[in-house]
Structure formats: C-alpha cells, structure tokens
Amino acid sequence: MNKLYLTVVTIAIGLFSCQSDRATGPTDLAKNSIIPKPVSVTSTGGTFKLTAKSDIIVMPGSPEEVAGIGNFLAGKLNPSTGLGLGVITDGGKPGKGDIQFAISDTDPGLGEEGYELIITEKLITLTAVKPAGLFRGIQTIRQLLPPEIESDTVQPGPWIIPTGTIRDWPEYGHRGEMLDVVRHFFGPEDVKRFIDHLALYKMNVLHLHLSDDQGWRIEIKSWPNLTAHGGKTEVGGGEGGFFTQEEYSDIVQYAAERYITIIPEIDMPGHTNAALSSYPELNPDGKAKEPYTGINVGFSSLDTRSEITYKFVDDVVREIAALTPGQYFHIGGDESHSTKIDDYIYFVNRVQDIVESHGKSVTGWDEIAHATLKPDAVVQYWARAANAVMGINQGAKVLMSPCKYAYTDMKYDSTTVLGLSWAAYIEVDDAYNWDPATLVPEIGRENIVGVQAPLWAETISTFREAEFLIFPRLPGYAEIGWTPAGMRSWDEYRVRLAAHGKRIETLGIGFYRSPLVEWDQPGV
Ligand code: IFG
C-alpha cells in the first residue's frame with residue numbers, strides 16, 4: 001500500500017509542479033531571446049496569458065493599415081494557439097488578455113520603426129509613431145511566445161509572456177538581404193518566403209538581383225526577348241525562369257505589407273551576357289552572344305558608345321521604376337572588366353541621369369564611385385574599401401556589404417558543400433563579429449545607411465539550399481543592423497541564437513547547426 005501511495009503522490013506532485021511551471025511560464029522579461037536584441041527591456045516579474053477571450057484591439061482613429069497589421073499578427077497566432085483572436089476596430093474597450101495597438105506621436109524618439117511594448121498581467125499595449133513600428137513590435141510579440149507559436153497546427157500552450165516594458169528602435173535605416181534570382185531562378189513563392197524570414201527579424205529591404213550573364217529575370221514589355229530568350233537559361237543549363245511584371249508587382253506588394261522595400265537591380269555595363277544574347281543590335285558586331293551558363297564573371301559589356309544601348313537602358317529602367325515604389329534603383333556596375341574605364345565612367349554617368357529621369361535615386365556596387373555620383377547616390381561596399389571612400393569623398397552614403405563578413409554565399413567552413421569560398425569562410429560568429437561603423441577606418445558611422453547581406457546563387461538551386469546558407473547567419477545580420485554595437489557581444493548573442501533553433505526549425509527551415517552554438521533541442 002505504502003509503495004503505491006508514494007507513487008501516486010509522486011505522480012501528482014510531478015503533474016502539479018509541471019502544470020504550475022507551465023501555468024506561470026517565464027516571469028523575467030529581461031531573460032528573453034529576442035533577435036535583434038531590443039534597446040531597452042524592464043521586467044516587472046509577472047505573466048500575461050493569451051486565452052480564448054483574447055483579441056487584438058485597434059485603437060479608434062488608427063490609420064487603415066493598422067487593422068492589416070492586426071490581421072497579420074492574428075494570422076501568426078491563431079493557427080498555433082487555436083484561440084481565434086479577432087481584430088476589433090470598432091472602438092471596443094480592451095479587456096484582460098487583449099493586445100491593443102496604438103499609433104501615437106507622443107514619443108517621437110521611437111522614430112519611423114520604433115515601438116513601445118508594455119506588458120501587464122491584464123493587457124499588452126503596443127504603441128508606435130508609425131504603422132511600421134507596430135509591425136516591428138509584433139515580431140517581438142511573436143518571439144516572446146514559445147517557439148511552437150510558429151507552428152501551423154494547434155499546439156498545447158499555454159501562451160504566456162513575462163510582464164514588463166520594451167522600448168526599441170533600429171540603429172540603421174537600411175537592414176536587408178540581397179537575393180540573386182539569376183544564377184539560379186527562385187520563383188515568387190520562394191521570394192515571398194524569403195520576405196517572411198526578413199520580416200521576423202525586423203529587416204526592411206530586399207534587393208533583387210534581376211539580370212546577369214546567365215539570365216534575365218523580369219519581363220520588359222518593350223524588349224520581350226529579354227525573357228523570351230534571356231529568361232530561359234541559368235547556371236548549369238537549367239530552364240531558368242522570370243517574373244512577369246504582374247508577379248513582380250505582387251512581390252512588391254507582399255513586401256510592402258511587411259514594411260519591406262524592394263530594390264531592383266539591373267546589373268550593367270558588365271554582367272550583361274543575357275541581354276547581349278537576346279538582342280543582336282545591342283552588340284557592336286550586330287551578332288547576338290551565345291547564352292552562358294557557367295560562373296565566370298567580367299567577360300561581358302554593353303556597348304557604352306552606342307545610342308541603342310541607352311534606349312535599351314531607358315526602356316528597362318522606365319518599366320521597372322514604374323512598378324517599384326521604393327526610392328532606389330540598383331544599376332549594378334560591378335566587375336566590368338571588359339569595359340574601358342573611360343567608357344565605364346561615361347556609361348555610369350549617363351545611366352544615373354536615366355535613373356533620375358524616372359524618379360529614382362541611384363545605388364550600385366562600389367565601383368560606381370569612379371563616376372561622378374549623384375548627391376543621393378548610395379555606394380554598396382562589397383570588395384574595395386577605396387571605392388567606397390571615393391564615394392564618400394563625393395558626398396555619397398555607403399551600404400555595408402563587406403564580402404568577408406556579409407556574403408552569405410560563402411561556405412561556413414571548408415566542410416560546407418554549398419557555397420563559394422573566394423572571399424572567406426564565414427562561420428556564424430564571423431558573420432556576427434563585426435561592426436559596420438568601425439570595420440573600415442575611413443568609413444564612419446555618419447557615412448553608413450545600413451547593412452545588407454547578399455546571397456549569390458551560383459551554387460544553390462533550391463530555396464531549401466538558400467535557407468541553409470542564410471540560416472543561422474541572417475538573424476546576426478539583422479541584429480548588426482538594428483542593435484547598437486555597444487550592446488552586442490558574441491558570447492551573449494550565441495545564447496539567444498541557441499533558443500532560435502527550435503523556432504527556425506518550427507518554421508520548416510533546414511539550417512546549419514553551427515558547432516559554435518548550443519542549440520536548443522526539441523523537448524529540452
Ligand atoms: N562577385 C560578383 C557576384 C557573384 C559573387 C559570388 C559582386 C558584386 C562574386 N559581384 O559580388 O556577381 O558572382 O560570390
């Protein structure tokens with residue numbers, strides 16, 4: 001009898017303590033694993049719980065788009081909690097367990113994308129100056145809930161968040177990734193999934209590399225052969241592909257709903273074999289180039305002294321600019337080894353005028369600093385700091401994409417199958433352990449608009465392979481762009497990153513389990 005009694009009591013205590021642990025959940029908001037690390041967190045030691053009575057309350061008089069942000073959050077919380085949160089916009093009073101959104105200009109220090117999150121036992125109040133700040137704040141709410149919140153099937157819960165206050169805003173205004181859809185084509189669904197990943201980590205720019213030697217990826221109605229012919233190839237001889245203008249606009253819209261700006265890149269005058277292969281008249285000898293499916297660079301060039309080249313560029317820029325709400329148009333400009341420097345400078349100067357004539361500002365790889373840059377030009381530093389400094393000396397700003405730290409097509413180490421290694425092996429700590437504002441002495445904080453991590457696609461042909469290269473380095477780039485450098489350290493970050501393993505896995509991402517991180521394992 002005694003033994004049985006003891007067993008029953010033990011089981012009861014176990015159940016009770018397990019339930020009570022789960023019933024109370026974490027109570028120290030300061031011990032969170034949010035990435036990017038928030039600027040300030042104050043814990044008040046209690047717990048907030050989402051229940052079947054919870055709803056998302058949009059304060060009366062909020063801009064129309066705030067309800068959309070509420071629907072986005074409900075769309076992330078309801079499938080995994082099964083709680084059926086509604087979005088209430090009719091001025092209903094918030095009640096226990098509700099999440100309320102408010103737009104207010106009483107806290108201008110939060111800026112365009114900052115937010116304040118006040119969590120009490122009764123209520124979560126998310127306040128921002130602009131809707132973009134609310135959208136960044138709901139990513140924090142997602143990350144304060146257990147990783148199972150990212151599941152698309154109902155999980156047991158409970159859904160508990162520790163109480164306190166978070167005030168948060170980004171260090172840099174440009175925080176992004178580049179996706180090369182040319183060397184291997186990635187369709188609209190892959191690009192949207194990439195945008196989802198950027199949104200979770202508060203990134204706000206997706207640069208799409210749309211043309212190169214191996215393919216042309218966006219429909220240009222006035223030059224249809226660019227996709228009819230140039231869209232049919234890719235590295236290794238695959239079928240390639242391209243975005244119709246409708247698909248491109250759909251991607252732009254999808255990104256905008258997540259407060260992410262698309263920057264389209266048409267790389268020129270180099271990296272243009274696909275265009276030269278599509279139209280004989282673009283070639284000095286009037287003969288179309290053969291399609292190219294290798295991975296060499298620097299062998300192609302538009303004919304910088306032929307007027308049809310500038311008609312071509314004008315048509316291409318006009319059509320894409322008309323579909324692009326963002327301010328910047330990327331003209332490429334890298335590795336134009338087959339273009340004489342004087343011709344290159346002449347070309348870049350004329351193309352800058354074309355881009356501006358269509359209402360856009362110019363950005364380009366750091367080589368464009370050899371030309372006379374427009375005042376609002378942004379030079380994307382990737383390989384030669386001297387070029388970026390030349391840009392600064394002309395008054396341009398710099399976007400930091402240093403190939404030895406931010407090129408996510410670089411292998412993690414010598415054992416990584418995917419990726420290249422010409423710049424460096426970039427382990428997860430290497431990707432995190434750099435400060436854009438001090439990396440190059442002549443490039444100061446005041447010169448830098450932000451950080452961007454390019455993913456070139458020579459060696460990846462599926463989006464799952466792309467995810468292996470971007471995760472787990474992407475969260476680190478997001479933190480470099482968002483969190484002040486003085487608040488960042490690898491030893492502290494790697495502990496938060498470890499807690500994202502299950503979250504990333506729940507999102508269906510097959511990521512590189514770096515041995516430098518003690519990943520949280522399912523069930524631990
Ligand atoms: N450099 C080329 C890319 C790509 C890359 C692969 C730039 C700006 C090497 N240009 O990076 O097209 O081939 O790592």
Side-chain angles (χ1 to χ4, degrees), residues 176-186 205 207-217 230 233-236 240 263-276 292-302 328-339 344 348 362-371 377-388 390-391 398-414 416-426 430-431 451-461 465-466 468-470 473 477:
E177 296 254 335
M178 182 213 82
L179 182 59
D180 171 7
V181 296
V182 181
R183 279 39 183 274
H184 284 91
F185 182 59
F186 296 103
V205 171
H207 164 180
L208 285 175
H209 183 75
L210 293 167
S211 69
D212 210 301
D213 292 319
Q214 299 86 352
W216 188 282
R217 302 294 181 226
T233 48
E234 62 185 356
V235 167
I263 297 181
E265 178 190 354
I266 296 298
D267 202 346
M268 43 190 168
H271 287 273
T272 43
N273 190 74
L276 296 166
Y292 178 70
T293 58
I295 62 168
N296 292 334
V297 297
F299 57 86
S300 58
S301 176
L302 290 176
Y328 279 91
F329 190 103
H330 200 297
I331 63 172
D334 61 310
E335 299 178 321
S336 299
H337 305 324
S338 303
T339 315
Y344 176 87
V348 172
V362 168
T363 182
W365 301 105
D366 59 48
E367 293 95 321
I368 64 167
H370 287 91
V378 170
V379 170
Q380 185 166 7
Y381 165 48
W382 68 283
R384 293 177 58 82
N387 288 342
M390 260 199 299
V398 176
L399 174 62
M400 296 295 281
S401 298
C403 57
K404 293 184 186 308
Y405 297 90
Y407 267 35
T408 46
D409 64 317
M410 292 301 119
K411 293 173 184 288
Y412 291 99
D413 65 21
S414 60
T416 313
V417 174
L418 296 170
L420 299 172
S421 57
W422 63 268
Y425 290 125
I426 303 180
D430 303 321
V451 176
Q452 192 193 96
L455 175 63
W456 299 105
E458 279 92 340
T459 65
I460 52 175
S461 51
E465 291 179 340
F468 180 81
L469 287 178
I470 54 178
R473 292 180 286 198
Y477 297 126

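Note that the structure is predicted; figures quoted are calculated from it, not measured. Both counts, for ligands and for their atoms, begin at 1 and track the order of listing. Scope of the values below: all heavy atoms of this structure, side chains included, with no hydrogens, waters or symmetry mates.
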Ligand-residue contact atoms, ligand 1 with [X], heavy atoms, under 4.0 Å:
X      : answer
Trp365 : 8 (C)
His271 : 12 (O)
Tyr407 : 7 (C), 8 (C), 11 (O)
Met410 : 14 (O)
Asp409 : 6 (C), 14 (O)

Residue, atom name and distance, where the atom is the protein heavy atom closest to [atom]:
atom                    : result
atom 13 (O) of ligand 1 : Glu458 OE2, 2.6 Å
atom 12 (O) of ligand 1 : Arg183 NH2, 2.8 Å
atom 1 (N) of ligand 1  : Glu335 OE2, 3.4 Å
atom 9 (C) of ligand 1  : Trp422 CZ2, 3.6 Å
atom 10 (N) of ligand 1 : Asp334 OD2, 2.8 Å

Checklist entry - So how far is it from Tyr292 OH to Asp213 CG, rounded to the nearest 0.5 Å? => result 7.5 Å
Item to check | From Cys403 atom SG to Asp409 atom CG, the distance as rounded to the nearest 0.5 Å | outcome: 9.5 Å
Determine whether the side chains of [X] and [Y] contain a donor N or O and an acceptor N or O closer than 3.5 Å.
X      : Y      : result
Trp382 : Gln452 : no
Ser301 : Ser338 : no
His184 : Glu234 : no

Next on the checklist: Suppose we screen for side-chain contact (heavy atoms from CB on, under 4.5 Å). Which residues come up paired with Thr363, at least two apart in sequence or across chains?
Outcome noted: Ile263, Tyr328, His330, Val378
Checklist entry - Does ligand 1 have a heavy atom under 4.0 Å from the side chain of His209, from its backbone, from both, or from neither? => result neither
Checklist outcome for this item: Residues Asp180 and Val182: closest non-hydrogen pair is OD1-N, 2.8 Å
Checklist entry - Tell me, do Val181 and Leu210 make a side-chain contact under 4.5 Å, heavy atoms counted? => result yes
